[in-house]
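A short write-up of the structure that comes next.
All of these numbers come straight from a predicted model, not from anything done at the bench.
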Amino acid sequence: MMLSGFVLVAMAQVPPIAHIEANNVRGVILGDGTAFLNWPENYGVLQPNPCPTWEVPAGSGKSTIFQKALWFGGLDAADSLHLAAMRYGQGHYLSGGQDFWAGPLKTTDASIDLMTALKYHHVWSLTRAEIEQFKTNFNNPSYPVPEDILSWPAHGEGDYAHDLAPYIDVNNDGRYNPADGDYPDIKGDQCLFFIFNDSYKEHGESFGGKLGLEVHVMVYAFEDPFDEALNNTVFTHFEFFNRSSNDYHDVYLGLWFDWDLGYANDDYVGCDVQRNSCFVYNGMSFDGSGEPTSYGDNPPSQVATVLSGPEGKRMTGFLYHNNDNSAIGDPENAPDYYNLLQARWKDGSHLQYGGIGYPGIEGTVGPDCNYMFPGDSDPDNLGTNGIAPNEGYNTNGKYWTEETTGNQPSDRRGLAMVGPFRFPAGGKQELDYAEITVWKGSAASAKDRIGEFVDHITSLFNSFK
C-alpha cells in the first residue's frame with residue numbers, strides 16, 4: 001500500500017523509541033536528541049504504552065528523570081548565533097516543536113531528504129550476547145541474523161558520509177558486510193545507536209538558526225550485580241559533526257535535565273566541581289507521601305558525570321532554572337538558551353555566588369561564578385575564577401548549597417555545560433558522560449555516597465575507553 005506524503009512526513013517527525021535495560025535501570029531513549037519523555041502528555045499522536053522514563057529499579061514504576069535533552073549552540077564568523085536545543089517538544093511534533101530529527105546530513109550542503117530521514121528513523125539495539133552469537137554462527141545457513149546487525153547503519157550513500165556507525169571489518173575491505181563476518185562495534189552489555197541532525201527543518205523549539213549538526217549517539221550499559229555502581233549506571237557517547245561550511249566559535253553544549261526524583265516536588269540539586277558532576281537528591285529524608293511513584297524512606301540520588309568533552313574540557317558549569325517565565329525561568333528563544341549555556345540568566349546577567357544566583361537578590365554575595373550549589377567541592381575557587389566567594393569566607397556552614405540558601409525543596413531543572421570550544425567546518429567533537437543512580441546503603445543518605453560512586457565509575461571509564 002502506498003503511503004501518503006502526509007503520513008510519511010508524520011512518521012519522520014515522531015521520534016523512534018527504544019529502551020536501555022541491561023542492568024538495574026530501564027530508560028526510554030528517543031532517537032532524536034530528547035532521550036526521555038512522558039509520551040502521552042507531549043505528543044498529539046498515538047504512541048506505545050507509556051512507562052516511567054528513567055525507571056530505577058527497573059520494573060519498580062519509580063523514576064528519577066522526567067526529561068533530558070541536548071543543547072548545542074555557537075557563533076559563526078559574523079557572530080550570528082546558531083543553536084539547537086530540545087526540552088519538551090512543546091507545540092507537538094506534528095506542528096513543529098522540534099529542533100532535531102533522525103538521520104545524517106549531506107557533506108556537500110548539510111541537508112537531508114525525507115526518504116533518508118525515514119531510512120534512519122530507528123534506534124538500533126544490540127546486546128553483547130547477540131554479537132558473540134553472530135561471530136560464532138554468521139556463516140551457518142540456519143542461523144537467523146538479528147535485523148539490527150543486518151541493517152546496522154555503517155555507511156552513508158551518495159553525498160552522505162561513507163563511515164557512520166562503528167563496526168569491525170573482519171576482512172579489512174572497507175565495507176560493512178555481515179555475510180563476511182563484519183559486525184557492529186558496540187560498547188557494554190547492551191548498546192543503542194542512533195543518528196540525528198538539526199537541519200531537516202527550521203527549529204521549532206528554540207527558534208535558533210541551523211548549525212548543520214550531525215550527531216551519532218551510543219547509549220550503553222553493563223550488567224554486573226556484583227558492582228553496585230556499575231549496575232546502576234548508563235553511559236552515553238556523542239560524536240558531533242559539523243557538516244556546514246561555517247566555522248563556529250564560542251560553542252557550548254549542554255545536558256539539560258528535568259529531574260523528578262520519585263515525588264517531584266521535594267527535590268534539591270547540586271554539583272561537584274572536582275568530579276565534573278551535577279545531581280539531584282531528596283530535600284527531605286522521606287520522599288513523597290506514599291504515592292506509588294515515590295521512593296519513601298529510601299530515595300536515591302541521580303547523578304550526571306561528564307567523563308570527557310570537546311578540547312579536553314569536562315563540566316565547565318552548572319545551574320538550575322525555575323519552571324516559570326522569570327529572568328531565572330524557562331528559556332523562550334535561542335538567545336535565552338545560549339545565555340544559560342554560558343552560566344548567564346535570560347537577561348544576560350551572570351550567575352553569581354550565593355542565594356539563588358541572581359544579582360541583587362538577598363543572599364547573593366558574588367562574585368560571578370559558573371557552578372551553582374557546589375558545596376565544598378571547589379576548594380581552588382575554579383568556579384569563581386580564583387576569587388574567594390562569600391566575601392572571602394567559605395568554610396563550614398557557609399558553603400553554597402540549597403540548604404544553606406534556605407530553599408524549600410521543589411521540582412528542579414538543571415543544566416550541565418561544556419564550553420567554550422571551536423567547531424570548524426567539517427570538524428568533529430566528542431562527549432562522554434554517565435548517568436549514575438546512587439543508593440544510600442548503610443550511609444545516612446544517598447547524597448553521602450555520590451563521591452564514592454562517581455570516583456568508581458570514572459576510574460572504570462578511564463580503564464576501558
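- Rounding to the nearest 0.5 angstrom, the gap separating the OG atom in Ser63 from the CZ atom in Arg26 is 12.0 Å.
- You'll find the side chain of His82 stays beyond 4.5 Å of the side chain of Lys210, heavy atoms only.
- The shortest non-hydrogen separation linking Trp54 to Gly27 is CE3-CA, 3.3 Å.
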Exercise for the section: Go through Leu114 and Tyr200 one step at a time and tell me if the side-chain contact (heavy atoms from CB on, under 4.5 Å) criterion holds. Expected result: CA-CA 8 Å; Leu114 173 60; Tyr200 175 61; 3.1 Å; yes
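- Considering all non-hydrogen atoms of both residues, Cys271 and Phe318 come closest at CB-CD2, 3.8 Å.
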Do any side-chain atoms of residues 178-186 form donor-acceptor pairs under 3.5 angstrom with protein atoms, and if so which ones, sequence neighbours left out?
residue, atom, partner, partner atom, Å
Asp180, OD2, Asn171, ND2, 3.3
Asp180, OD2, Asn177, ND2, 3.3
Asp182, OD1, Val170, N, 2.8
Asp182, OD2, Asn177, N, 2.9

Would you be so kind as to tabulate the donor-acceptor pairs closer than 3.5 Å made by side chains of residues 418-429, with sequence neighbours excluded?
residue, atom, partner, partner atom, Å
Arg422, NH2, Glu311, OE2, 3.3
Gln429, NE2, Arg422, O, 2.9

Exercise for the section: Start with the C-alpha gap between Tyr320 and Cys278, add the side-chain angles, then the distance that decides, and say whether side-chain contact (heavy atoms from CB on, under 4.5 Å) holds. Expected result: CA-CA 10 Å; Tyr320 84 167; Cys278 60; over 6 Å; no
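- Under the 3.5 Å distance criterion, the side-chain polar atoms of Asp169 are matched with a main-chain donor or acceptor of Asp173.
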Exercise for the section: Go through Gln133 and Thr136 one step at a time and tell me if the side-chain contact (heavy atoms from CB on, under 4.5 Å) criterion holds. Expected result: CA-CA 5 Å; Gln133 187 178 38; Thr136 301; 6.0 Å; no
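- To the nearest 0.5 Å, atom CG of residue Asn276 and atom OG of residue Ser308 are 10.0 Å apart.
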Problem - Step-by-step side-chain contact (heavy atoms from CB on, under 4.5 Å) determination, Trp345 to Leu351 - result: CA-CA 7 Å; Trp345 299 114; Leu351 173 67; 3.6 Å; yes
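- You'll find the side chain of Phe66 reaches within 4.5 Å of the side chain of Tyr88, heavy atoms only.
- Inter-residue side-chain proximity for Phe134 and Glu130 is flagged as unmet; no heavy-atom pair is nearer than 4.5 Å.
- The main-chain N or O of Tyr295 is never found under 3.5 Å from a side-chain atom of Lys62 such that the two would form a donor-acceptor pair.
- Considering Tyr248, Phe72, Phe241, Phe196 in turn, Phe72 is the only one that fulfils the side chain to side chain contact (heavy atoms under 4.5 Å, CB included) rule with Leu213.
- Looking only at side-chain heavy atoms (C-beta outward), Val145 and Phe138 stay at 4.5 Å or farther from each other.
- Ring pair Tyr281/Phe279 is tilted by interplanar angle, where 30° to 60° counts as tilted.
- Asp159 contributes no side-chain N or O that, together with a main-chain N or O of Thr107, makes up a donor-acceptor pair within less than 3.5 Å.
- Of the possible donor and acceptor atoms, none in the side chain of Asp148 sits under 3.5 Å from a partner among the backbone N and O of Leu126.
- Of the possible donor and acceptor atoms, none in the side chain of Asn24 sits under 3.5 Å from a partner among the backbone N and O of Asn231.
- Between the Thr458 side chain and the Val454 main chain, a donor and an acceptor come within less than 3.5 Å of each other.
- Counting only heavy atoms from C-beta outward, the side chains of Val303 and Phe453 never approach each other to under 4.5 Å.
- Side-chain atoms of Thr53 come within 3.5 Å of backbone atoms of Ile65 as a donor-acceptor pair (strictly under, hydrogens ignored).
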With a cut-off of 3.5 Å and sequence neighbours excluded, list every side-chain donor-acceptor pair involving residues 368-375.
residue, atom, partner, partner atom, Å
Asp368, OD1, Gln352, NE2, 3.2
Tyr371, OH, Met315, O, 2.7

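- Between the side chains of Thr437 and Gln302, a donor-acceptor pair is found at a separation under 3.5 Å.
- Interatomic distance, OG1 of Thr236 versus CE of Met218, reported as 11.0 Å (0.5 Å rounding).
- A donor-acceptor pair under 3.5 Å links the side-chain atoms of Asn23 to the main chain of Phe222, judged by distance alone.
- Checked by atom type, the side-chain pair Tyr220/Arg128 shows no donor-acceptor distance below 3.5 Å.
- Closest approach of Pro331 to Trp71, counting heavy atoms only: CG-CH2, 3.9 Å.
- In this structure, the side chain of Arg449 engages the main chain of Trp439 through a donor-acceptor pair within 3.5 Å.
- The minimum heavy-atom distance between Ala18 and Val123, with the atom names listed, is CB-CG1, 3.6 Å.
- Nearest heavy atom pair, residue Met86 against residue Phe100, reads CG-CD1, 3.5 Å.
- At least one side-chain heavy atom of Phe240 sits under 4.5 Å from a side-chain heavy atom of Leu253.
- Between Arg413 and the options Asp260, Asp267, Asp330, a side chain to side chain donor-acceptor pair (under 3.5 Å) holds for only Asp330.
- Here Glu223 contributes atom CD and Thr127 contributes atom OG1; the two are 10.5 Å apart, rounded to the nearest 0.5 Å.
- A side-chain donor-acceptor contact under 3.5 Å links His456 and Asp227.
- Using a 4.5 Å heavy-atom threshold, the side chains of Phe194 and His122 count as separate.
- Look at Arg275 and Asp455 and you find a salt bridge, because one of the NZ, NE, NH1 or NH2 atoms lies within 4.0 Å of a carboxylate O, short of that distance.
- Glu21 and Gln190 form no side-chain donor-acceptor contact under 3.5 Å, judged by distance and modelled atom types alone.
- When only modelled atom types and interatomic distance are considered, His203 and Glu205 share no side-chain donor-acceptor pair under 3.5 Å.
- With 3.5 Å as the limit, one finds no donor-acceptor pair spanning the side chains of His155 and Glu157.
- Asp109 and Ser111 are linked by a side-chain donor-acceptor pair at a separation below 3.5 angstrom, with hydrogens and angles left out of the test.
- The side-chain heavy atoms of Phe257 and Glu435, taken from C-beta on, include a pair separated by under 4.5 Å.
- Looking at every heavy atom in both residues, Ala110 comes nearest to Ser199 through O-CB, 3.4 Å.
- In this structure, Asn323 CG and Asp411 CG are separated by 6.5 Å, a value rounded to the nearest 0.5 Å.
- Annotation: the span from Ile149 atom CD1 to Ser151 atom OG amounts to 9.5 Å, rounded to 0.5 Å.
- For Glu55 (side chain) and Gly61 (main-chain N/O), a donor-acceptor pair under 3.5 Å exists by modelled atom type.
- Note: Phe464 and Phe235 meet the aromatic proximity criterion, with ring centroids under 6.0 Å apart.
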